[in-house]
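Read through the structure below, which is laid out as structure tokens, and then see the notes.
Keep in mind that what you see is a predicted model, and the values were worked out from it rather than measured. Below, read A as the first sequence line, B as the second, and so on, with proteins coming before strands; counting in each chain starts at 1. Just so you know, these numbers use all the heavy atoms, side chains as well, and skip hydrogens, waters and symmetry mates.
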Amino acid sequence: MEKIIVYEMESIYRDSFRITGYRFGSGEKSMCVVGAMRGNEVQQMYACSLLVDRMKTLESKGLITEGKSVTVIPCANPYSMNIGKRFWPTDNSDINRMFPGYGLGETTQRIADGLFRELMGYEYGVQFASYHVPGKFAPHVRMMRTGFEAVEDAKMFNLPYVVLVDPRPFDSGVLNYNWQIWETKAFSLYTENTARTDRRSALKVVDSITRFLDKVGVISYSGKAGYVPDVIEESHLVSIQTSSAGIFEPDVEVKTLVSEGDLLARILDPYEGCVREEVRATCDGVVFFRHADPLIYADTVVFKLIPVGEFRVSDRG
Amino acid sequence: MIENVVSIKLPADEELRVQKNRIAPEGIGPDAKRICIVTGTHGDELEGQLVCFELARFIKSNMQHLKGIVDIYPALNPLGIDSITRGIPGFDLDMNRTFPGMRDGSMPEYIAAAIFDDIAGADVCIDIHASNIFLREIPQVRINEVSATELLPLAMHLNVDFIWVHSAATVLESTLAYSLNAVGTRTLVAEMGVGMRLTIEYGNQLSKGIIALMAHLGMWDGPIPYVREPIISVDRQVEYINAAKSGIFVPRIEHWRDVRQGEHLGDIVSPMTGDVLVKVVSPCDGLVFTLREYPVVDEGSLIARILRM
Ligand SMILES: [Zn+2]
């Protein structure tokens, strides 16, 4: 293992800003894994740390294929992580909107540029990503449809779902999109949590990465078999919105199979405790996303379901 | 008349309301012209507050000259204004990246959709922004080059110092202005001053410009304010100066003045050591139309924009 400094920038009063990477094996750039890019992506950083730990073991046992290398970058934004802020400390900009970066531009454009120079040229690129509203996801691989998306490869992560997304205009600055444009096969992996650590779910992601690396011949590893994933179009997900605000009391977890009319959550009056609204499934399906904050606004999406017909019911645990 | 554009229930005994003030002469017909004055998308930008106040005050006391509908939206992001938050509190999301919105989306997208639908169809919309807290800007209108032919003649009436015709960057596509222009509602983005502050002179200047534009549109038949002639640029004439090092920026010139190539604009200094870390000089002859206001700079922070002359 080699510890590398991918990017460094001096600050007037803080310690230097550093992006640190861990390189395993040598030679061909096979895969790069990027963890937290926002300051609240603790689970993403944590999953990377467990991956670094796993890769150390594999390397010490000589299980990394000769001439292949894997780089893991647990945190690309320690400045925000250390002050508990999601975006850049001063101007609140998002590094993950600045790719491919610009070395003569604003601060986060420079960071994106420095980082992207390291990230270019890998065959596979994986980002542990998070969503902008507090919520839990069924674990999945998310891919943008750029014309370069490698759907068959995405299935090798063996997470339950592969979700295909049509890029929106502002997506042109995100890492996943730019990786694909620069010919890296890019995948965003979503786990159940963001701001809290969850060892079980993090280890699942580590398993899924190591299984993938085994399948593409970068390492030799025999983990448990995972799911045979379903490929889903994001536009086919069914959103369920609230009509009242209040305290959100979910009844079901992600990955639950539900029938139309099933109770998914209650919204309680925050002062009087009575039920203001029962949120019910509008179709038969699997819970893909659920809101995860105790408070909820009116007219807000709290569940997304994968409707029946989009997945095979058989092998769901 | 104060009207709700959209309201949404918050969890604990509060309703979030986006409101507008519709000012119109009595008995106005359905085919009357309509102008929308919009501000407060970014909760920390307050320069538009003075423009809304001035316009409402002035028009109400001169109603005999009003020949159309004026809709004033002083606070598109009321929670942001109340909490000094640029984006929408609780979402960490820039509202000006959510248009035209989505009725079945998250709360910010739902609000954006309602606002968008309310404004769409107006003859003209003026979206007033201040700069952020980091930079001071001269009163200016920013126009995407794709809509320059249509918008430039309108912008000439707005009494701004500078019109910046910039290239079409894809990231701007989800702004209010871009989305409205895309459906044929001509929208001009005005930007001036600095975040979290009022610059009274600029507020009055733009208010007069809006009256002049209304006169041009046939919505105002009172005396037309004198309007200054703006400097017009295209993107390639603008030089950006970014901080070469992190430190404290001390300006050595005034905002909005002529500079010569090599002229001393300011210093990035270290208060710890007493050293000047970077002497910032102008790369060209030109006009400083953007100048750093917030002293702390990271490497890369924007210090000035200079219009090459
Ligand atoms: Zn703004």
Side-chain angles (χ1 to χ4, degrees), chain A residues 9-14 16-17 38 40 79 85-94 97 102-111 113 132-135 168-173 239-248 267-271 276 291 293-302, chain B residues 6-16 44 85-87 90-94 97-98 102-111 113-114 132-135 169-175 178 240-248 268-272 277 294-302:
Chain A
M9 186 180 69
E10 284 181 6
S11 160
I12 178 168
Y13 294 133
R14 288 180 77 164
S16 287
F17 173 88
R38 282 87 172 239
N40 66 333
Y79 265 23
K85 202 174 161 196
R86 184 163 160 84
F87 298 129
W88 188 247
T90 50
D91 65 10
N92 216 36
S93 58
D94 184 0
R97 288 270 178 269
Y102 176 45
L104 300 173
E106 293 257 1
T107 311
T108 45
Q109 291 176 314
R110 292 180 186 214
I111 294 170
D113 173 74
H132 70 275
V133 296
R168 287 176 289 180
F170 57 80
D171 286 328
S172 61
S239 295
I240 300 178
Q241 244 174 332
T242 56
S243 51
S244 329
I247 289 176
F248 180 72
I267 296 172
L268 307 180
D269 184 303
Y271 290 179
R276 275 186 175 164
H291 178 81
D293 224 33
L295 294 180
I296 188 67
Y297 298 111
D299 305 306
T300 304
V301 173
V302 280
Chain B
V6 57
S7 63
I8 202 164
K9 291 223 169 57
L10 302 181
D13 191 24
E14 186 187 348
E15 194 172 47
L16 163 61
D44 59 352
T85 310
R86 181 173 177 79
F91 287 86
D92 226 345
L93 189 71
D94 184 339
R97 295 286 177 276
T98 59
M102 213 156 59
R103 289 278 177 177
D104 60 351
S106 59
M107 180 267 241
E109 292 169 310
Y110 179 83
I111 292 175
N132 51 35
I133 62 166
F134 304 108
L135 303 167
T170 46
V171 293
L172 296 176
E173 282 185 20
S174 34
T175 62
Y178 185 95
Y240 290 69
I241 302 177
N242 297 80
K245 277 200 153 115
S246 151
I248 301 296
I268 299 173
V269 305
S270 166
M272 186 74 81
L277 304 173
Y294 193 76
V296 180
V297 292
D298 292 330
E299 184 186 323
S301 296
L302 190 62

- Out of Ala243(B), Gly300(B), Pro108(B), Ser301(B), which one racks up the most heavy-atom pairs below 4.5 Å with chain A? Gly300(B)

- Task: Return the option, out of Gly247(B), Ala244(B), Gly87(B), with the maximum number of heavy-atom pairs under 4.5 Å with chain A.
- Result: Gly247(B)

- In chain order, what residues pass the ring pair (Phe, Tyr, Trp, His ring centres under 6.0 Å) check against Phe87(A), with sequence neighbours excluded? none

- Side-chain donor or acceptor of Arg110(A) paired with backbone N/O of Leu104(A) under 3.5 Å: yes

- Could you look at Tyr13(A) and say if it's the side chain, the backbone, both or neither that has a heavy atom under 4.5 Å from chain B? side chain

- Message: Is Ile111(B) close to chain A through its backbone or its side chain, or both, or neither, when contacts mean heavy atoms under 4.5 Å?
- Response: neither

- For Ser243(A), side chain to side chain contact (heavy atoms under 4.5 Å, CB included) partners two or more places apart: Glu277(A)

- If you count heavy-atom pairs under 4.5 Å between each of Asp299(A), Ile240(A), Thr90(A) and chain B, which one has the most? Asp299(A)

- Message: With a 3.5 Å distance limit and no angle check, can you tell me whether Thr242(A) reaches the backbone of Thr300(A) through a side-chain donor-acceptor pair?
- Response: yes

- Give, as side chain, backbone, both or neither, the part of Tyr297(A) having an atom under 4.5 angstrom from any heavy atom of chain B. both

- Query: Quick one: what part of Val269(B) sits under 4.5 Å from any heavy atom of chain A, side chain, backbone, both or neither?
  - Reply: backbone

- Query: Which region of Asn92(A), side chain (C-beta onward) or backbone (N, CA, C, O), has a non-hydrogen atom less than 4.5 Å from a non-hydrogen atom of chain B, or is it both or neither?
  - Reply: side chain

- Task: Go through Arg86(B), Met272(B), Lys9(B) and name the one with the most non-hydrogen pairs under 4.5 angstrom from chain A.
- Result: Lys9(B)

- Which is it for Thr107(A) and Asp91(A) under the side chain to side chain donor-acceptor pair (under 3.5 Å) test, yes or no, and what are the steps along the way? CA-CA 9 Å; Thr107(A) 311; Asp91(A) 65 10; 5.4 Å; no

- Item | Asn132(B) side chain to Leu135(B) backbone, donor-acceptor under 3.5 Å | yes

- Bottom line for Gln241(A): the part with an atom under 4.5 Å from chain B's heavy atoms is side chain

- Message: Quick check on Ile247(A) against chain B: is it the side chain, the backbone, both or neither that has a heavy atom closer than 4.5 Å?
- Response: neither

- Kindly confirm or rule out a cation-pi arrangement of Arg103(B) over Tyr110(B), judged by NZ or CZ under 6.0 Å from the six-membered ring centre and within 45° of its axis? yes

